[in-house]
Amino acid sequence: MATFQTLPGFREFYPDDLARRKHIFDLWRRTAHHFGFVEYDAPVLEPLELYKAKSGDEIEAQLFSFTDKGGREVALRPEMTPTVCRLVGARINALKRPVKWFSIAEFYRYERMQKGRGRCFFQLNADIFGEPGPEAEIELVALLIQCLASFGLTEQDFYIRLSDRNLWFYYLEALGLDEARIRGVLGAVDRYEKYGDEAFKAYTEQFGELDASLKAKVLAFLEIKSIEALEATLAAVGHAKLGARLADWRKLLGGLDAMGLTKFIAVDLGVVRGLAYYTGFVFEAFDRKGELRALAGGGRYDDLVEKLGGPALPAVGFAIGDMTFALLLEQRGLMPNFIQAPDVYCVIGGEAARRAAFGDIHALRAAGRRVDYPLKEVAFGKQFKLAADSGAKLALIYGDDEVAQGKVKIRDLTDRTEHEVARGDVLAVVRDFFSAG
RNA sequence: GCGGCCAUAGCUCAGUUGGUUAGAGCACAAGAUUGUGGAUCUUGGGGUCGCGGGUUCGAGUCCCGUUGGCCGCCCCA
């Protein structure tokens with residue numbers, strides 16, 4: 001039957017699927033509002049150059065890009081960060097700081113599909129602009145945690161790995177490495193968890209073997225899993241920036257602790273995220289069982305707004321994708337079963353009864369009730385079954401007998417009781433039933 | 001871009017060494033049932049067996065190709 005099929009990696013949302021998606025979005029949106037973030041949206045199609053400027057020319061291979069009829073090179077957005085940088089950068093002089101913005105939007109990447117990854121997906125993006133200190137990170141990490149926890153997920157289900165590219169930078173600098181070598185080492189650190197010693201291969205090819213004692217220090221640093229271990233390690237290294245950076249760490253962890261969120265946080269310098277544009281704290285959310293892809297990721301990108309042509313503006317942000325997150329909710333039994341039920345279902349007799357019912361049906365709907373009825377004449381017995389199947393709380397029965405007497409029979413489908421009311425009282429009775437219930 | 005596995009009804013699947021008109025459960029619909037429920041019974045609609053080619057007297061079944069899916073690699077903004 002299906003001559004035309006969905007493009008690979010694209011998703012169709014049948015009503016049940018859309019109900020689940022909406023559930024996620026609604027809670028994300030509400031949570032972001034609770035944290036004082038305001039919502040924005042932006043174009044799905046952007047100049048290709050916007051993404052090249054941020055990520056380099058190679059990015060084009062991962063994009064849905066094409067030339068439009070005006071000869072412009074364009075791409076479907078693969079992420080929100082460059083866009084929001086442009087929006088905020090353009091109006092920063094008029095915006096009250098800190099700028100706390102979020103969006104829920106769809107993104108497109110030309111990639112091979114995998115579990116938890118398609119060619120289109122939705123993300124919650126939340127960012128704070130204009131705040132250089134760790135106060136911004138406290139807000140965002142707390143928001144990220146609550147965006148997961150508000151679905152019923154606990155510290156048994158997920159955790160946030162917290163790391164710091166600055167600290168790595170300063171530490172490696174103190175060990176005498178130049179910037180190129182530092183980036184090389186960070187690349188290896190990012191891959192170390194997965195590949196072990198193999199992760200240093202690229203570094204070795206570019207710069208030669210990393211000095212053994214240096215490598216030992218890198219590996220020891222990578223293993224650091226607490227602020228205490230961090231302080232102990234850095235105490236031995238004399239470097240002015242490191243002391244200030246440690247103060248930032250204490251402020252961040254102290255703030256999160258005061259919010260009662262320490263149980264979700266794992267200090268883990270093994271996470272640096274591959275992205276070259278991160279400039280400070282980075283964090284990623286994972287399921288505790290380690291079965292799924294990352295749930296969310298974020299970090300500080302103080303240079304990006306300027307790099308994209310805006311003013312110098314510090315920024316931190318994160319994104320949660322909907323696919324892996326939905327998988328986790330389903331695995332933990334936290335995805336509700338949505339029944340899209342009317343409030344009231346009408347059981348209707350012949351043509352005269354139908355005309356009588358229509359007046360009330362429309363009035364009830366206009367008053368904000370969800371009302372449904374069989375479009376065509378259906379046997380009474382069947383209609384009661386339809387009423388029960390619909391999930392409605394009340395059935396209004398417009399039989400020929402009732403209509404002839406100017407009455408409507410109201411059946412409570414939950415306890416199967418019923419009583420008759422005058423036609424003119426139906427709206428009030430229904431309203432009272434639902435306001436009491 | 002690379003590798004492994006897979007593809008039969010809306011869903012879950014059966015289909016013998018290749019052999020009549022491709023089946024079941026669930027779901028959907030009609031009837032039993034012109035006035036009272038999620039049950040039951042009866043009946044029905046729905047399939048180019050992903051698509052194309054090949055082997056064969058004969059292909060859902062075997063072979064090749066292709067498209068799509070799942071899983072992994074690369075990547076992951």
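Proteins get letters first, then strands, A, B, ... in listed order; numbering begins at 1 in each.
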Using atom P of each nucleotide, how far apart are B/G37 and B/G46 to the nearest Å? 32 Å
Classify the nucleic acid contact of A/Lys194 as base, sugar-phosphate or nothing, counting any heavy atom under 4.0 Å across all strands shown. base
Residue that, paired with A/Arg365, satisfies side chain to side chain contact (heavy atoms under 4.5 Å, CB included) out of A/Val344, A/Val371, A/Asp360: A/Val371
Using only side-chain N and O atoms of A/Arg119, determine if any of them is under 4.0 Å from OP1 or OP2 of B/G68. no
Is any side-chain N or O of A/Lys382 closer than 4.0 Å to OP1 or OP2 of B/G37? no
Per the salt bridge (charged side-chain N to carboxylate O under 4.0 Å, His left out) rule, what does the pair list look like for residues 381-408 of chain A, sequence neighbours excluded? A/Glu402-A/Lys409
Please lay out, stage by stage, how A/Phe122 and A/Phe25 fare under the test ring-ring contact (aromatic ring centres under 6.0 Å, His included). CA-CA 9 Å; A/Phe122 291 87; A/Phe25 291 1; 5.1 Å; yes
Of the options B/G37, B/C76, B/C73, whose atoms approach the side-chain atoms of A/Phe384 most closely? B/G37
Between atom CD in A/Glu284 and atom P in B/C76, what is the gap in whole Å? 12 Å
Pair A/Arg86 + A/Glu46: basic N to acidic O under 4.0 Å: yes
B/G45 and B/A29, which share atom name C1', separated by this distance in whole Å: 7 Å
Using a distance-only criterion (donor-acceptor N/O pair, under 3.5 Å, no hydrogens), is the base of B/U36 paired with the side chain of A/Gln383? no
Side chain of A/Arg293 (C-beta onward), nearest among B/G37, B/U36, B/C76: B/C76
Just grab all the ring pair (Phe, Tyr, Trp, His ring centres under 6.0 Å) pairs involving residues 319-340 of chain A, residues at least two apart or on different chains. A/His23-A/Phe338, A/Trp28-A/Phe325, A/Phe151-A/Phe325
Answer with yes or no whether A/Arg117 presents, from its side chain, a donor or acceptor under 3.5 Å of a partner atom in the base of B/C75. yes
Paired runs of 3 or more consecutive Watson-Crick or G-U pairs involving RNA chain B, with both pairing distances under 3.5 Å, are B:1-7 with B:67-73, B:10-13 with B:23-26, B:28-32 with B:40-44, B:50-54 with B:62-66
Can any side-chain N or O of A/Asn166 pair as donor or acceptor with the backbone N or O of A/Thr279 at less than 3.5 Å? yes
For the side chain of A/Pro8, starting at C-beta, report the closest nucleotide among B/G69, B/G35, B/G38. B/G69
Report yes if a donor N or O on one partner sits less than 3.5 Å from an acceptor N or O on the other, where the partners are the side chain of A/Arg112 and the base of B/C75; otherwise report no. no
Is it the case that the base of B/G37 and the side chain of A/Arg411 share a donor-acceptor contact (distance under 3.5 Å, atom types as modelled)? yes
Just the rounded figure in Å: distance from C1' of B/C75 to CD of A/Glu111. 6 Å
